Amino acid sequence: MTALKSFIDLVADPRLFFAMTTVALVLVVWKREAFSSNRWGWGLMVLLAIFFGFGLTDENFVKIIAKPDNVPIVALIFLLVFFTWYSMREAVHNDRRIAAGKPPVEKDESDRVWTWPDLVYTELISMVVCMVVLIVWSILLEAPIEQPANNANTPNPSKAPWYFLGLQEMLVYFDPWLAGVVLPGLIIVGLMAIPYVDKNPNGNGYYTFRERKAEITIFLFGFVVLWSSLIVLGTFLRGPNWNFFGPFEYWDIHKLEALTNVQLSEYIWVRGLGMALPDNWFIREMFGLALTLFYVVGLPVLLAKKGLVKYYEKLGPTRYYVAVLLFLSMLSLPVKMLMRWVFNLKYIVSIPEFFLNI
Amino acid sequence: MATKTIEPKAPALVRAWDWITETQVWTSIFRHTAPINDKNRVLVMLSNVFLHMHPVRLRKSGVRLRYTWCMGGISFFLFLVLTFTGLLLMFYYRPTLEYAYSDIVGLREHVPLGIMREMHRWGAHAMVITVWLHMFRVFMTGSYKPPREFNWNVGVIMLVLTLLLSFTGYLLPWDQLAVWAITVGSNMARATPLAGYEGPGAQFMTLGGVPLVHQADDARFALLGGTVVGEGALLRFYVLHCVALPLVIGFLMAVHFWRVRKDGGISGPL
Ligand code: HEM
């Protein structure tokens, strides 16, 4: 038991956690034929249930899971796994039909039915079920109320509401102006841009994977791996001082983590060239600035010529640049994560003179 | 002598029902009989203000849980539940430093069997999740593609508003959980480029040498109505939470549902 717990604590480490969710997504997409079987769907749900059931025997695990505000996130985990599986199942099912020369299921269901009774009864039953779930949940679980607000007593860890914990987790890798303002802004802009940059006319109004491979993979990566799994990480696996704690680990306030992060400028000037850091911020940071500029301007241009030519031609310049820029902004998080984990890199550009760190 | 056939009497309940539905009161409310034939199935959708949000008939795939997961509908239902329970909570809650916390504690201590606060809080959490899942479904069925681009955008704005509603409500109990969660969240605003006092480039925002953006005049100050999460923030969040945001999201829901209809109903293959 203890060995199993320590093993789970070990593999829940942010690096492995992120790697595992990414690999899981790759497998889901790649092995979707197998994944979409009932055996996998129900198997995963049972596995999750066993995991949480097992966890409930552990004191430290219960402390975090049973916090009233964290209960919805447990539900979210089950729901996300379920609906990812379910939508893939429907997509694979339709893809098979299309491959066999048949239309998608939804086409066969184009006939009209009466709203009364077909729809209104479904709605009525849904409402009753929701109401029952909500009432039972409300009876079983009391809404939390802690000590009265006290500006002098900062809790450790201080956490934002759970739906923003993915953003708070980004603070490990980016400064607040990026993690808290610019990137959330770009998420909203990016979502809004989807219908305008996605010119693929297929897959409108039915589940399919094969006709929308890239779109669905990117969306699942953004929504399930980046947004949702980071919420889970931020809620369950981040303790005092935002240090990492395994699910069975005690949240020790005194846990120390060595911070040995290094700026890119230091890597280049001090360690690479053996010189002192230049005083002028522009000269000091020119490599990082050049790299950033390359990432947002050079790379899209380069990709238009090689690699993504197909998309460039299909989308035209405006749509292409908007789409690629948004995509690269999304990728900037895993890119920065990797640089942190592999090189201990803190900032690519660090100009504290203007509060500008990237 | 001719035998007289006696019609068997209908059961009492049926007779009572027949009597009720023939009264002037009943017929003044419901203008036609039950929707058990096609004519009345049309009439019921057209004559009822709540039902007329729906079309009279719709695609078979569109009514199936398999396709919509009913997540949009559940989001809307939860919104209604939240509006109602929130209204009840407003009777008991005063948004001032003096009363906010004790009113919430009072709810727990003086209202026997009360679950309004629970329903409001868990309903809010649930709505965040169902709105995400609704977006997920709309994406997976490609329903944001033409002609529904605009409705997807209305949805994205409502998603942001849902999170803001939840965020502003989180502060109101005025306990440690609330104040520090909002402190962490709103601290981000002071790093807003150009507009937050610790944001990149803020120091260049000067007019005749006078700094325009400083601790008591920046994006975070506008959000909180002060330099810390205090009285100003509580009032601001209360008004946003109980009046401004629900009005805006309610308005957008009307647009959203209207557009679902006008864009051709629930999506399906052409
Ligand atoms: C406050 C939250 C929202 C409510 C109450 C709501 C409600 C609804 C309802 C009742 C429908 C009818 C079909 C269904 O139930 O699936 C619908 C459809 C739709 N919603 Fe939402 N929605 C919300 C948020 C969103 C969001 C966040 C998005 C996308 C980002 C979105 C995009 C759409 C689109 C494109 C349709 C048409 C789908 C189709 O025709 O298949 N909505 N919405």
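So that the names make sense, note that chain A is the first sequence line, chain B the second, and so on, each numbered from 1. Being a predicted model, the structure only gives us computed values, none of them experimental.
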>> With heavy-atom distances below 4.5 Å as the criterion, would you say the side chains of B:Val128 and A:Tyr163 are in contact?
In response: yes

> Salt bridge between A:Glu215 and A:Lys199, side-chain N to carboxylate O under 4.0 Å?
Replying inline: no

> Measuring heavy-atom distances to chain B, does A:Val71 have an atom under 4.5 Å in its side chain, in its backbone, in both, or in neither?
Replying inline: neither

> Is it the side chain or the backbone of B:Val156 that comes within 4.5 Å of chain A heavy atoms, both, or neither?
Replying inline: side chain

>> Is A:Glu142 in contact with chain B via its backbone, its side chain, both, or neither, using a 4.5 Å heavy-atom distance?
In response: both

>> So that I know where these two stand, are B:Phe76 and B:Phe257 an aromatic pair - ring centroids less than 6.0 Å apart?
In response: yes

> Which heavy atom in A:Ile348 sits nearest to a heavy atom in A:Glu285, and how many Å separate them?
Replying inline: O-OE1, 3.9 Å

> chain A heavy atoms under 4.5 Å from B:Ile266: which part of the residue, side chain, backbone, both or neither?
Replying inline: neither

> Under 3.5 Å, is there a donor-acceptor pair between the side chain of B:Thr192 and the main chain of B:Ala189?
Replying inline: yes

>> So which atom in B:Arg121 and which in B:Leu177 form the shortest heavy-atom distance, rounded to 0.1 Å?
In response: NH2-CD2, 3.8 Å

> Who wins among A:Lys107, A:Met131, A:Arg212, A:Glu123 for the most heavy-atom pairs under 4.5 Å with chain B?
Replying inline: A:Arg212

> Do A:Tyr86 and A:Ser36 meet the criterion of a side-chain donor-acceptor pair at a distance under 3.5 Å?
Replying inline: no

> Measuring heavy-atom distances to chain B, does A:Asn153 have an atom under 4.5 Å in its side chain, in its backbone, in both, or in neither?
Replying inline: both

> Is there a donor-acceptor pair under 3.5 Å between the side chain of A:Asp95 and the backbone N or O of A:Arg210?
Replying inline: yes

> Which bit of B:Met45 is near chain A, if near means a heavy-atom gap under 4.5 Å: side chain, backbone, both or neither?
Replying inline: side chain

>> What part of A:Leu220 gets within 4.5 angstrom of chain B, counting heavy atoms only: side chain, backbone, both, or neither?
In response: side chain

> A:Leu134, A:Val181, A:Val113, A:Thr84: which one forms the most heavy-atom pairs within less than 4.5 Å of chain B?
Replying inline: A:Val113

> Taking B:Val81, B:Ile104, B:Leu133 one by one, which has the highest count of heavy-atom pairs under 4.5 Å against chain A?
Replying inline: B:Leu133

> Would you call A:Glu90-B:Arg66 a salt bridge at under 4.0 Å N-O?
Replying inline: yes

> Taking every heavy-atom pair that is under 4.5 Å apart, which of A:Leu191, A:Asn151, A:Thr208, A:Leu356 has the most such pairs with chain B?
Replying inline: A:Leu191

>> Which atoms of A:Pro104 are under 4.5 Å from chain B, going by heavy atoms: the side chain, the backbone, both sets, or neither?
In response: side chain

> Do any of residues 196-205 of chain B come closer than 4.5 Å to chain A, heavy atom to heavy atom, and if so which ones, in number order?
Replying inline: B:Tyr197, B:Glu198, B:Gly199, B:Pro200, B:Gly201, B:Gln203, B:Phe204

>> Quick check on B:Val179 against chain A: is it the side chain, the backbone, both or neither that has a heavy atom closer than 4.5 Å?
In response: side chain

>> Looking at B:Asn40 and B:Thr33, would you say the former's side chain and the latter's main chain have a donor-acceptor pair under 3.5 Å?
In response: yes

> Does atom NE2 of B:His52 have more than 12 heavy-atom neighbours from other groups under 6.0 Å away?
Replying inline: no

> Pick one: which of A:Trp227, A:Phe221, A:Phe219 meets ring pair (Phe, Tyr, Trp, His ring centres under 6.0 Å) with A:Phe223?
Replying inline: A:Phe219

>> Would B:Arg57 and A:Trp114 count as a cation-pi pair here, with the cationic atom under 6.0 angstrom from the ring centre and within 45° of the axis?
In response: yes

>> Between B:Glu149 and A:Pro195 (side chain of the first, backbone of the second, donor and acceptor by atom type, cut-off under 3.5 Å), is there such a pair?
In response: no

> Relative to chain B, which segment of A:Asp198 carries a heavy atom at a distance below 4.5 Å: side chain, backbone, both, or neither?
Replying inline: side chain

>> Suppose we call two aromatic rings close when their centres sit under 6.0 Å apart. Are A:Phe355 and A:Trp177 close by that rule?
In response: no

> What part of B:His54 gets closer than 4.5 Å to chain A, counting heavy atoms only: side chain, backbone, both or neither?
Replying inline: side chain

>> Using modelled atom types and a 3.5 Å cut-off, is there a donor and acceptor pairing between side-chain atoms of B:Asp175 and backbone atoms of A:Pro148?
In response: no

> Between A:Ser158 and chain B, which part of the residue has a heavy atom less than 4.5 Å away: side chain, backbone, both or neither?
Replying inline: both

> How are the rings of B:His241 and B:His120 set relative to one another: parallel (under 30°), tilted (30 to 60°) or perpendicular (over 60°)?
Replying inline: perpendicular

> Can you say whether B:Leu80 sits under 4.5 Å from chain A via the side chain, the backbone, both, or neither, judging by heavy atoms?
Replying inline: neither

> Checking B:Arg190 against chain A: side chain, backbone, both or neither under 4.5 Å from a heavy atom?
Replying inline: neither

> Is it the side chain or the backbone of A:Leu165 that comes within 4.5 Å of chain B heavy atoms, both, or neither?
Replying inline: neither

> Where does B:Ile36 contact chain A at under 4.5 Å (heavy atoms): side chain, backbone, both or neither?
Replying inline: neither

> For the candidates B:Trp69, B:Phe136, B:Phe150, B:Trp152, which exhibits the highest count of non-hydrogen atom pairs separated by less than 4.5 Å from chain A?
Replying inline: B:Trp69

>> Given heavy-atom pairs under 4.5 angstrom as the criterion, report whether the side chain, backbone, both or neither of A:Phe354 touches chain B.
In response: both

>> Report which part of A:Val120 has an atom under 4.5 Å of a heavy atom belonging to chain B: side chain, backbone, both, or neither.
In response: side chain

>> Using ring centroids (six-membered ring only for Trp), state whether B:Trp174 and B:Tyr101 fall under 6.0 Å.
In response: no

> For B:Gln176 and B:Trp180, does a side-chain donor sit closer than 3.5 Å to a side-chain acceptor?
Replying inline: yes

> In terms of heavy-atom pairs under 4.5 Å with chain A, which of B:Gly185, B:Gly142, B:Gly265 leads?
Replying inline: B:Gly142

> For the candidates A:Ala75, A:Ser126, A:Pro68, which exhibits the highest count of non-hydrogen atom pairs separated by less than 4.5 Å from chain B?
Replying inline: A:Pro68

>> Which atoms of B:Val138 are under 4.5 Å from chain A, going by heavy atoms: the side chain, the backbone, both sets, or neither?
In response: neither

>> Taking the basic N atoms (NZ, or NE/NH1/NH2) and the acidic carboxylate oxygens, is any pair closer than 4.0 Å for A:Glu106 and B:Arg64?
In response: no

> At a heavy-atom separation under 4.5 Å, does A:Phe209 approach chain B through its side chain, its backbone, both, or neither?
Replying inline: neither

> Is there a donor-acceptor pair under 3.5 Å between the side chain of B:Tyr144 and the backbone N or O of A:Met192?
Replying inline: no

>> Please classify the contact between B:Asp38 and chain A as side chain, backbone, both or neither, with a heavy-atom cut-off of under 4.5 Å.
In response: both

> Under a 4.5 Å heavy-atom cut-off, does chain B meet the side chain of A:Leu171, its backbone, both or neither?
Replying inline: side chain

>> Let me confirm one number: the SG-CD1 distance from A:Cys130 to A:Ile125, rounded to the nearest 0.5 Å.
In response: 12.0 Å

>> Less than 4.5 Å to any heavy atom of chain B: does that hold for the side chain of A:Pro103, its backbone, both, or neither?
In response: neither

>> Quick check on the interface: out of A:Asn94, A:Leu167, A:Asn200, A:Ile187, who has the most heavy-atom pairs with chain B under 4.5 Å?
In response: A:Asn200

> At a heavy-atom separation under 4.5 Å, does B:Leu78 approach chain A through its side chain, its backbone, both, or neither?
Replying inline: side chain

> Is chain B contacted by the side chain of A:Pro144, its backbone, both, or neither, given a heavy-atom distance below 4.5 Å?
Replying inline: both

> Tell me, side chain or backbone of B:Phe167 under 4.5 Å from chain A's heavy atoms, or both, or neither?
Replying inline: both

> Relative to chain A, which segment of B:Phe77 carries a heavy atom at a distance below 4.5 Å: side chain, backbone, both, or neither?
Replying inline: side chain

>> Looking only at heavy atoms and a cut-off of under 4.5 Å, which of A:Asp118, A:Val105, A:Ile194 has the most pairs with chain B?
In response: A:Ile194

> Do B:Lys60 and A:Asp108 meet the salt-bridge criterion of a basic N to acidic O distance under 4.0 Å?
Replying inline: no

